[in-house]
Colleague: 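Structure provided below as structure tokens; questions to follow.
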Amino acid sequence: MSSFKSAFLQTVSERGYIHQCTDLEGLDATFAGGPIPAYIGFDCTADSLHVGSMVPIMLLRRLQQSGHKPIVLMGGGTTKVGDPTGRDTARAMLTDDDIARNMAGIKKVFEKFLTFGDGPTDAIMINNADWLDRLNYLEFLRDYGRHFSVNRMLSFDSVKLRLERETPMSFLEFNYMILQAYDFLEIHRTHACRLQMGGSDQWGNIVNGVELGRRVDGAELFGLTTPLITTASGAKMGKTAQGAVWLNEERLPAYDYWQFWRNTEDADVGRFLKLFTDLPMDEIRRLESLEGAEINEAKKVLANAATTLCRGAEAAAAAEETARKTFEQGLTGDALPSVEIAAARLAEGYSVADAMVDTGLCASKGEARRMIKQGGVKINDAPLADPEAKLAADQVADGQIKLSAGKKRHALVKVG
């Protein structure tokens, strides 16, 4: 948008990253003054991030592309507490070894998206365990606890929703927002960081940090959140019948990652191209205007661009070629056993076990469930673990879903 002076806010506004900001005008003026450090935190609850983390990762990439300094905060300390945001139950307690192993896995993905180094716009990675582990409890309470109102903390969604649902929330979890606020103060003091960014569910935690910096150090800090990304059909971004779409190759092969993007709903193609690729806006506008069968070409462009960023150009090209051979060279149509169902049947709930029987891959639903439990079934080449799983609309590519029993037996569910 031309109303912004800074290249960063122009870009993220045009591409759809902005949900809320504590002071857009002030932030715009701050960015216009030169390279500004900004951070996003990532807790180490697994050894890989998943597609749900792609918006904050791309936001840091946009920051660096605009001439500013990204700070990746690894939550080595806060992971020991567990963020209660969006949860009905406490997170499992992880050991120091678990956290270190998870952090090592997560670090790999950032090197694909950011340039790290010692320069003014080079990204850095820091770990909040470096300061949180050293805190003296009584000193911390006396110096910072007085700046937090319990009444206000109870009003934030991360706490309020748990209380409304009458699900237990430990004092340990209740401390999380105080520790996150302190992180912002610490990173401002040590790295001159002025901005914390994150998902919309982090708004309360971010505002706490902005206000703590003002009260304790008189610092002018800013917070910016991104919208919750859901698909056009209302599903949460990155959740499939097979589970999370992981960013690390060890967790999810490049072909399955490519297929996730290739199976994007028609109505989401333009939005996802803006958020998850570096394609110029003019090209994105051209692609999102395509209709009918041509929109599939735009989906392939999205899949190639997104996979190239995360897994490399070679992996993206190999995935596209595998998909072409699978779906275009004799493995479709009369070459495979198939069953035709109406879209309404899919929407009502068509189980994978039923599909395995209807296509002749299994003699009974019991056999199908056993094969799924044993890891012998794939949907669009992605492993399936849940024997009660149902086929979903977001698995349909070119009007069909591919089922596989073992390595050599395939069938198609054609959706009309």
Side-chain angles (χ1 to χ4, degrees), residues 39-54 56-57 60 71-114 116 123-141 144-145 153 158-159 161-162 167-187 190-191 196 198-199 201-202 205-206 208-209 238-239 242-252 310 375 383 385-386:
Y39 89 94
I40 300 178
F42 299 85
D43 276 344
C44 310
T45 52
D47 60 4
S48 171
L49 299 175
H50 53 71
V51 162
S53 296
M54 276 302 303
I57 291 170
L60 289 173
I71 299 175
V72 181
L73 175 66
M74 290 282 97
T78 42
T79 302
K80 297 174 185 177
V81 174
D83 185 357
T85 304
R87 295 183 63 86
D88 284 333
T89 57
R91 294 185 186 275
M93 288 291 103
L94 300 178
T95 66
D96 287 348
D97 287 345
D98 291 333
I99 293 171
R101 183 168 55 252
N102 290 344
M103 195 181 303
I106 290 171
K107 282 181 178 180
K108 295 178 186 176
V109 76
F110 285 101
E111 294 167 358
K112 306 282 182 65
F113 293 89
L114 301 172
F116 287 84
I124 59 171
M125 184 174 284
I126 56 179
N127 180 357
N128 62 15
D130 290 346
W131 55 86
L132 294 182
D133 282 358
R134 298 196 307 263
L135 289 179
N136 177 295
Y137 187 58
L138 287 179
E139 281 185 15
F140 182 75
L141 283 180
Y144 302 105
M153 291 168 73
S158 59
V159 177
L161 293 176
R162 286 278 283 275
T167 52
M169 182 178 193
S170 70
F171 184 67
L172 178 70
E173 294 173 280
F174 192 60
N175 272 266
Y176 187 93
M177 66 177 75
I178 298 178
L179 296 178
Q180 184 170 331
Y182 181 73
D183 281 347
F184 198 177
L185 179 66
E186 176 72 21
I187 299 169
T190 55
H191 298 283
Q196 181 185 175
D201 60 345
Q202 294 296 315
N205 292 339
I206 291 172
N208 271 334
K239 295 292 184 182
Q242 289 78 39
V245 180
W246 298 101
L247 302 185
N248 287 28
E249 180 74 27
E250 296 86 351
R251 283 280 201 135
L252 187 75
C310 190
D386 180 7

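Note that these values count all heavy atoms, side chains included, but never hydrogens, waters or copies made by symmetry. FYI, the numbering just counts along the sequence from 1.
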Colleague: Provide the closest heavy-atom pair for M74 versus F110 in the form atom of the first, atom of the second, distance.
Modeller: CE-CE1, 3.9 Å
Colleague: Under the 3.5 angstrom rule, does the side chain of N208 hit a backbone N or O of A181 as a donor-acceptor pair?
Modeller: no
Colleague: Under a 3.5 Å distance rule, please check whether D43 uses its side chain to pair with a backbone N or O of T45 as donor and acceptor.
Modeller: no
Colleague: Could you list the residues that satisfy side chain to side chain contact (heavy atoms under 4.5 Å, CB included) with A123, not counting sequence neighbours?
Modeller: Q64, P70, L114, F116
Colleague: Would you call M103 and N127 a side-chain contact if the rule is heavy atoms closer than 4.5 Å?
Modeller: yes
Colleague: Apply side chain to side chain donor-acceptor pair (under 3.5 Å) to residues D183 and Q180 and explain how you reach the verdict.
Modeller: CA-CA 5 Å; D183 281 347; Q180 184 170 331; over 6 Å; no
Colleague: Does a side-chain heavy-atom distance below 4.5 Å link I57 with L49?
Modeller: yes
Colleague: Please report the interatomic distance CD1(I71) to CD1(I124), rounded to the nearest 0.5 Å.
Modeller: 4.5 Å
Colleague: Checking N175 side chain against F171 main chain: does a donor-acceptor pair fall under 3.5 Å?
Modeller: yes
Colleague: Is L73 close to I40 at the side-chain level, that is, under 4.5 Å between some pair of heavy atoms?
Modeller: no
Colleague: Within the 4.5 Å heavy-atom criterion, are L60 and F113 side-chain neighbours or not?
Modeller: no
Colleague: Are any non-hydrogen side-chain atoms of Q196 and I187 less than 4.5 angstrom apart?
Modeller: no
Colleague: I'd like to know if E249 pairs up with K108 as an ion pair, taking the criterion as any Lys NZ or Arg NE/NH1/NH2 lying under 4.0 Å from an Asp or Glu carboxylate oxygen.
Modeller: no
Colleague: Report the C-alpha distance between V72 and K107 in whole Å, list the side-chain angles of each, state the deciding distance to 0.1 Å, and finish with yes or no for side-chain contact (heavy atoms from CB on, under 4.5 Å).
Modeller: CA-CA 9 Å; V72 181; K107 282 181 178 180; over 6 Å; no
Colleague: Using only atom types and a distance under 3.5 Å, with no angle test, would you say the side chain of S48 pairs donor to acceptor with the backbone of N248?
Modeller: yes
Colleague: Check whether any side-chain heavy atom of E139 sits under 4.5 Å from a side-chain heavy atom of L135, and report yes or no.
Modeller: no
Colleague: Does the side chain of Y182 come within less than 4.5 Å of L179's, by heavy atoms?
Modeller: no
Colleague: Under 4.5 Å between any side-chain heavy atoms of L247 and M54, yes or no?
Modeller: yes
Colleague: Using atom types as modelled and distance alone, determine if a side-chain donor or acceptor of R134 lies under 3.5 Å from a backbone N or O of D130.
Modeller: yes
Colleague: Over all heavy atoms of both residues, which pair between C310 and K112 is shortest? Give the atoms and the distance, please.
Modeller: O-NZ, 3.1 Å
Colleague: Where do I126 and Y39 land on the side-chain contact (heavy atoms from CB on, under 4.5 Å) test, with the steps shown first?
Modeller: CA-CA 10 Å; I126 56 179; Y39 89 94; over 6 Å; no
Colleague: Quick one: do V51 and W246 satisfy side-chain contact (heavy atoms from CB on, under 4.5 Å)? Show the steps, please.
Modeller: CA-CA 6 Å; V51 162; W246 298 101; over 6 Å; no
Colleague: Can you see which heavy atom on G76 is nearest to which on C44, and at what distance?
Modeller: N-SG, 4.3 Å
Colleague: Please report the shortest heavy-atom distance between N102 and D47, naming the atom on each side.
Modeller: OD1-N, 3.2 Å
Colleague: Of all the heavy-atom pairs spanning F184 and G209, show the shortest one and how long it is.
Modeller: CD1-C, 3.7 Å
Colleague: So, the side chain of D98 versus the backbone of T95: is there a donor-acceptor pair under 3.5 Å, distance only?
Modeller: yes
